[in-house]
Structure formats: C-alpha cells, structure tokens
Amino acid sequence: RELATPGNALVYFDGFVFDNMDYTGGVGYSGLTIGCSNYNTIRRNEFKNFSNTTSENNNYGMLKAMCVDTQYYNNVIQDNKLHDFSGGNAIGSLYHQSKMLIENNHIYNALGQGSGPSHNGISPKTDVRDFTVRGNKIVMANGWIAGYNNSDMKQNIEFNYNLFVNTGSSRMGVLMNWNVGQG
C-alpha cells in the first residue's frame, strides 16, 4: 500500500481502484501513501470505502504523502475520485511537499468523523510550499473541506477554480493558518 520509490523515481499510478480500506489500530494507515520520492503521478484512480475507527490522530487518509524532514518535489494528484470515507482524510495528510499539484479530483460522500480527530477533503499538513489546489470538486456534508489540522504551510499556497460545497449544517469549509503563519 505504500509507494516507496528511490528519491527521483518516476511513478505513474493510473486506473486503479482502492476499495474497503478499514482500519482499527496502528499508525499512519492509508489506501495509498506517496513515499519519500519526487515526480509521482497519481491519476484517474478511485478510492472508496475508507473507515477509521480509532480516536488517535495518526494521519489516516485514503491518499497521502508522508516524508520526514526533507522536501519532495513535483508530485501530482489528478483526476481521481475519492468517496465514502469516515474518520480520516480523502487526500492527506501531506508532509514536506513542494510544487505539488492537486487538480480535477472529485471528493464526495464524507460519512462523518466517526472516532477520528479530523475529517478533511484535502489536508496539507507540515512544510508544504508552492502548493496548488485547482479545479477540484469537493462536496461534503460534514468535516472540513480543506485545511483543518494543517500546522506549517510555508509559501505560495494557491486554491483556485475549485467548487467547494458544504451540504451540512456545520458550515465548516476551508481553514487556513490555525497554528502558524503561511505565505
């Protein structure tokens, strides 16, 4: 489940279905994790039926990028469908990413926070810079559409030409700059 490649490998994931991702314990669970590498493309995949039933914040998500203390560059998440998820993120947690593009994804049918501490459409988290979120459609009845639990976004953060729809009563949308300054 982890895409672990050498630092400059070119990996292209296209047309996969990740289904029935249930988790009840451990650290850092996901459907697909972009490991510590550059130039990955995750395109035209479907991520569905993700459920986290633990109460810890261990970066649960259907699609995430986890690296520690080193920047990774030019990763693309494009044209994916992410739906039917609870207790975690559709895209995220995202760590140490530079020049990342998240484009034309459709995120929908968030089923609730469950026991988890966060529930996001997109969750950029630590040392994210030169980051573009463009042309996505995110429709959620609960949780944060983007940004909750981000702690260290750096510079050149762009959200443009997206459709964000909150269909629930909580009216939570995009939360930025809750912890430290961002560019």
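Residues Ile77 and Leu63 form a side-chain contact, since some pair of their non-hydrogen atoms from C-beta on lies under 4.5 Å apart. Between Ile107 and Lys137 the shortest side-chain heavy-atom distance does not fall below 4.5 Å. Counting only heavy atoms from C-beta outward, the side chains of Asp130 and Gln155 approach each other to under 4.5 Å. In this structure the side chain of Thr41 never reaches within 4.5 angstrom of the side chain of Val11, judged on heavy atoms. Side-chain contact between Lys125 and Lys64 is absent, with no heavy atoms from C-beta onward closer than 4.5 Å. The shortest distance between side-chain heavy atoms of Asn120 and Ile145 does not fall below 4.5 Å.
No close placement of the His83 and Phe85 rings is indicated, their centers lying 6.0 Å or farther apart.
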Kindly indicate, with the supporting measurements, whether the criterion side-chain contact (heavy atoms from CB on, under 4.5 Å) is fulfilled by Phe18 and Leu32. CA-CA 8 Å; Phe18 296 86; Leu32 177 64; 4.2 Å; yes
Test log, rule side-chain contact (heavy atoms from CB on, under 4.5 Å), inputs Asn40 and Tyr12: CA-CA 6 Å; Asn40 296 294; Tyr12 187 89; over 6 Å; no
Leu163 and Ile138: side-chain contact (heavy atoms from CB on, under 4.5 Å), yes or no, with the steps? CA-CA 6 Å; Leu163 175 62; Ile138 303 175; over 6 Å; no
Candidate pair Ile102 and Ile122, rule side-chain contact (heavy atoms from CB on, under 4.5 Å), full reasoning: CA-CA 9 Å; Ile102 299 176; Ile122 299 174; 4.0 Å; yes
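With values rounded to the nearest 0.5 angstrom, Tyr73 atom OH is found 11.5 Å from His96 atom NE2. Between atom CZ of residue Arg134 and atom CD of residue Gln78 there is a gap of 8.5 Å, rounded to the nearest 0.5 Å. Summarising the geometry, atom CG belonging to Asn136 is positioned 7.5 Å from atom CD belonging to Glu103; distances are rounded to the nearest 0.5 Å. To the nearest 0.5 angstrom, Met140 atom CE is 8.0 Å from Asn166 atom CG. Going from atom CG of Asn75 over to atom CG of Asn38 covers 6.5 Å, rounded to the nearest 0.5 Å. Summarising the geometry, atom CG belonging to Asp127 is positioned 12.0 Å from atom OH belonging to Tyr72; distances are rounded to the nearest 0.5 Å.
Tracing side-chain contacts under 4.5 Å through hydrophobic residues (I, L, V, M, F, W, Y), one never reaches Leu101 starting from Tyr95; they form parts of separate clusters. Residues Phe13 and Phe47 are members of one and the same hydrophobic cluster, defined by side-chain heavy-atom contacts under 4.5 angstrom among Ile, Leu, Val, Met, Phe, Trp and Tyr.
At least one donor-acceptor pair closer than 3.5 Å links the side chain of Asn80 to the backbone N or O of Asn45. At least one donor-acceptor pair closer than 3.5 Å links the side chain of Asn162 to the backbone N or O of Val133.
Of all heavy-atom pairs between Gly121 and Ala90, the closest is O-CB, 3.2 Å. The heavy-atom pair separating Met100 from Ala65 by the smallest distance is CE-CB, 4.2 Å. Of all heavy-atom pairs between Gly88 and Phe50, the closest is CA-CE2, 4.1 Å. Considering all non-hydrogen atoms of both residues, Gln71 and Ser98 come closest at NE2-CB, 3.1 Å. The nearest pair of heavy atoms linking Asn142 to Ala110 is ND2-O, 3.5 Å.
Under 4.0 Å is where a charged nitrogen must lie from a carboxylate oxygen, and between Asp79 and Arg43 at least one such pair does.
The aromatic rings of Phe164 and Phe159 sit perpendicular, their planes meeting at an angle over 60°, well past the 30° parallel limit.
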